[in-house]
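Okay, so here's the structure we're looking at.
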2 protein chains.
Amino acid sequence: MQSAISPDTARHTVRVTAQRTGLTPHTLRAWERRYQVVAPGRSEGGQRLYSDLDIQRLSLLRRLTERGHSIARLAEVSQEDLERTAREDSGSKSPEPKPLGDDFGAKDFSAAALNATRRLDAAELHAVLERASITLGVPVFLDQVVVPTLRGIGQGWSEGTVSIAHEHLASGVIRRVLGWILRVYEITESAPRLVVATPPRQAHEMGAMLAGAAAAAEGWDVTYLGADLPIPEILASAGQVGANGVALSIVYPAIDRGLVSDLELLRGGLGSRIPLIVGGYAASQDRDRLTSIGVQVVDSLDQFRESLDDLRDRV
Amino acid sequence: MQSAISPDTARHTVRVTAQRTGLTPHTLRAWERRYQVVAPGRSEGGQRLYSDLDIQRLSLLRRLTERGHSIARLAEVSQEDLERTAREDSGSKSPEPKPLGDDFGAKDFSAAALNATRRLDAAELHAVLERASITLGVPVFLDQVVVPTLRGIGQGWSEGTVSIAHEHLASGVIRRVLGWILRVYEITESAPRLVVATPPRQAHEMGAMLAGAAAAAEGWDVTYLGADLPIPEILASAGQVGANGVALSIVYPAIDRGLVSDLELLRGGLGSRIPLIVGGYAASQDRDRLTSIGVQVVDSLDQFRESLDDLRDRV
DNA sequence: ACGCAGTTGTCTAACTGTTGTCAAGAAATA
DNA sequence: TATTTCTTGACAACAGTTAGACAACTGCGT
């Protein structure tokens with residue numbers, strides 16, 4: 001990605017695309033000609049201009065073809081199925097490692113990320129995460145790189161091997177990468193809208209960012225409002241953007257009384273047509289109390305995706 | 001000094017400009033001729049006279065081209081903007097011809113940014129900011145777009161026309177753009193290193209991010225550690241990355257006793273060779289108390305740049 | 001085991017697009 | 001006076017375009 005210029009102008013030449021996807025320009029053109037796996041724009045002079053999304057898709061295709069899937073078959077498959085396949089395949093790293101050994105699995109990426117964090121090397125951390133998201137596809141990246149990395153940092157912190165400085169540096173970089181994902185996915189006119197935030201007194205926004213990125217990858221038009229947001233503000237924002245759903249992340253262990261009544265207030269204010277999805281460690285802990293007030297509780301990113309899917313079908 | 005934004009006094013020949021931007025005079029003229037990427041003034045005899053703004057803009061463009069963006073496309077992006085702001089200008093307000101001074105459309109950009117913020121349109125806000133940075137160059141962008149936009153949001157908040165949700169959304173996007181700048185300017189071997197953070201109990205990190213971006217644009221290798229960082233952590237990090245300087249941002253109105261003693265501690269811990277620069281609203285308020293303990297206080301981004309320049313010369 | 005048809009990555013050839021650099025003589029600058 | 005910069009047009013080097021060819025490989029039926 002690195003740095004895209006802006007969503008609609010973010011266009012990369014074949015050379016850059018080849019470098020970032022690990023394919024040769026020849027292959028890139030052959031795949032396009034034979035299977036229409038991508039449809040890059042063209043410059044005035046007729047040169048191909050690939051979007052960030054094209055690069056993601058192509059990297060994913062490369063990874064899957066290397067694992068034995070035929071490109072012809074993959075080309076007929078939707079992006080969604082592609083990512084599902086990626087998820088299934090990523091568990092079992094190929095038994096025969098590639099000769100060059102540049103085939104990173106999710107574990108290698110999160111190890112490299114932790115390493116960069118410990119060295120306070122923000123540039124390297126960013127590079128690692130970006131590569132991971134491109135080669136693995138966003139859903140796999142979130143589940144198997146970002147989450148484990150955050151967990152690793154948390155663990156390192158409790159063991160005393162990772163300091164607050166390390167943690168801040170990593171959060172900053174991860175926030176940036178997740179923010180990038182939020183805007184890489186092209187939003188269509190008809191995309192359902194989701195408001196993502198963290199309710200009052202919940203200052204940890206990583207969960208919310210993860211949720212936002214996951215939703216964006218599922219094709220939602222995400223409005224990300226950050227942490228510690230008063231209920232009336234959430235309501236007003238949902239109204240302003242015409243949201244089809246609201247998702248909140250709650251991680252602090254004990255759910256206080258105020259929070260439950262806050263959520264009740266929000267639940268009521270949204271009206272019956274707009275669902276409220278709540279996730280995060282603390283949400284699972286208190287699932288009963290939350291479901292009883294009409295809030296949908298999800299235990300994992302995967303479950304969150306399912307909820308989004310259901311919801312989208314109803315819209 | 002090279003960074004002081006005073007376009008009327010600072011005029012540079014091609015040679016100087018070439019040296020500062022890292023481009024050859026040939027390329028400079030070619031870019032101007034082919035893409036109208038700059039429009040330098042002329043001496044009486046017709047020699048090109050580049051402003052500081054031109055230089056900053058050109059060096060940003062050079063970095064972006066090195067990252068794989070085509071100069072033609074980059075030029076197109078900022079060209080669009082100049083035309084657009086010019087149109088809006090002539091249509092809406094002052095029939096007075098615009099003084100080709102430093103605010104060159106910066107006002108239009110920050111107005112557009114505020115507008116996008118009010119509409120909760122993160123994508124548009126991002127696009128506006130990115131284009132502004134390419135059109136104006138990083139320092140001018142920071143001084144005349146980001147700072148006014150933040151100020152405008154603050155003012156809107158106190159007037160009740162901007163809510164917390166708007167503010168959060170904007171902060172998120174601005175953080176991302178500033179992070180992007182940090183990245184674009186990275187990779188320079190032998191660049192002096194700067195650690196940027198916010199001391200304990202100072203949760204507003206925007207000032208620190210601005211400082212980080214400004215320093216990066218001046219050629220520093222910035223390690224950005226975020227907000228609310230304990231003194232021992234700052235010290236340890238400065239040690240770990242081998243910092244040549246530490247910069248802190250302090251915005252909360254009242255400087256408490258704890259903060260002063262914290263800074264004293266930090267000042268002592270850094271040793272005499274590593275300067276400690278502190279900026280932000282609250283720092284100016286308490287300048288005397290801070291300077292007396294050996295801390296350098298800066299009142300503006302520009303002053304911060306000067307301090308960095310001095311410092312760099314000494315390294 | 002063998003051959004066949006389809007698949008797939010790579011390559012060539014001829015051409016166009018993009019971009020950095022240069023030449024030459026005139027003019028400005030220090 | 002010695003340098004530097006000016007302009008215009010040209011050019012080379014590289015990158016990217018199409019169309020088609022080719023060989024290595026696949027799976028499959030015999």
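Chain naming here is simple, since letters A, B, ... match the order of the sequence lines and numbering starts at 1 in each.
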- Message: Let's see if you can work this out: which of C:dT18, D:dC6, C:dT19 has an atom nearest to the side-chain heavy atoms of B:Arg29?
- Response: D:dC6
- Item | Earlier contact from the 5' end, DNA chain D, for B:Leu49 and A:Glu32 | B:Leu49
- Tell me: OH of B:Tyr50 to C1' of D:dT5, nearest whole Å? 10 Å
- Task: Examine the base of C:dG20 for any acceptor or donor lying under 3.5 Å from a partner atom in the side chain of B:Arg34, and report the outcome as yes or no.
- Result: yes
- The side chain of B:Arg33 lies closest to which of these nucleotides: D:dG20, C:dT7, D:dT8? D:dT8
- A:His26 side chain, from C-beta outward: closest of C:dG20, C:dC11, C:dT8: C:dC11
- Query: Can you find a side chain N or O atom of B:Tyr35 that sits less than 4.0 Å from OP1 or OP2 on C:dT18?
  - Reply: no
- So which of B:Asp54, B:Leu28, B:Asp52 actually passes side-chain contact (heavy atoms from CB on, under 4.5 Å) with B:Thr17? B:Leu28
- When only distance counts, do a donor and an acceptor, one from the side chain of A:Arg42 and one from the base of D:dG16, lie under 3.5 Å apart? no
- Task: Establish, with yes or no, whether the OP1 or OP2 oxygen of C:dT8 is under 4.0 angstrom from a side-chain nitrogen or oxygen of A:Thr27.
- Result: no
- Message: Could you go through B:Glu32 and B:Arg42, starting from their C-alpha distance and side-chain angles, then the distance that decides it, and tell me whether this counts as salt bridge (charged side-chain N to carboxylate O under 4.0 Å, His left out)?
- Response: CA-CA 13 Å; B:Glu32 179 187 338; B:Arg42 296 299 177 121; 3.5 Å; yes
- Minimum-distance nucleotide to B:Ile71 side chain [options: D:dT17, D:dT5, C:dT19]: C:dT19
- Where do B:Arg11 and B:Leu49 come nearest, in terms of heavy atoms and distance? CD-CB, 4.0 Å
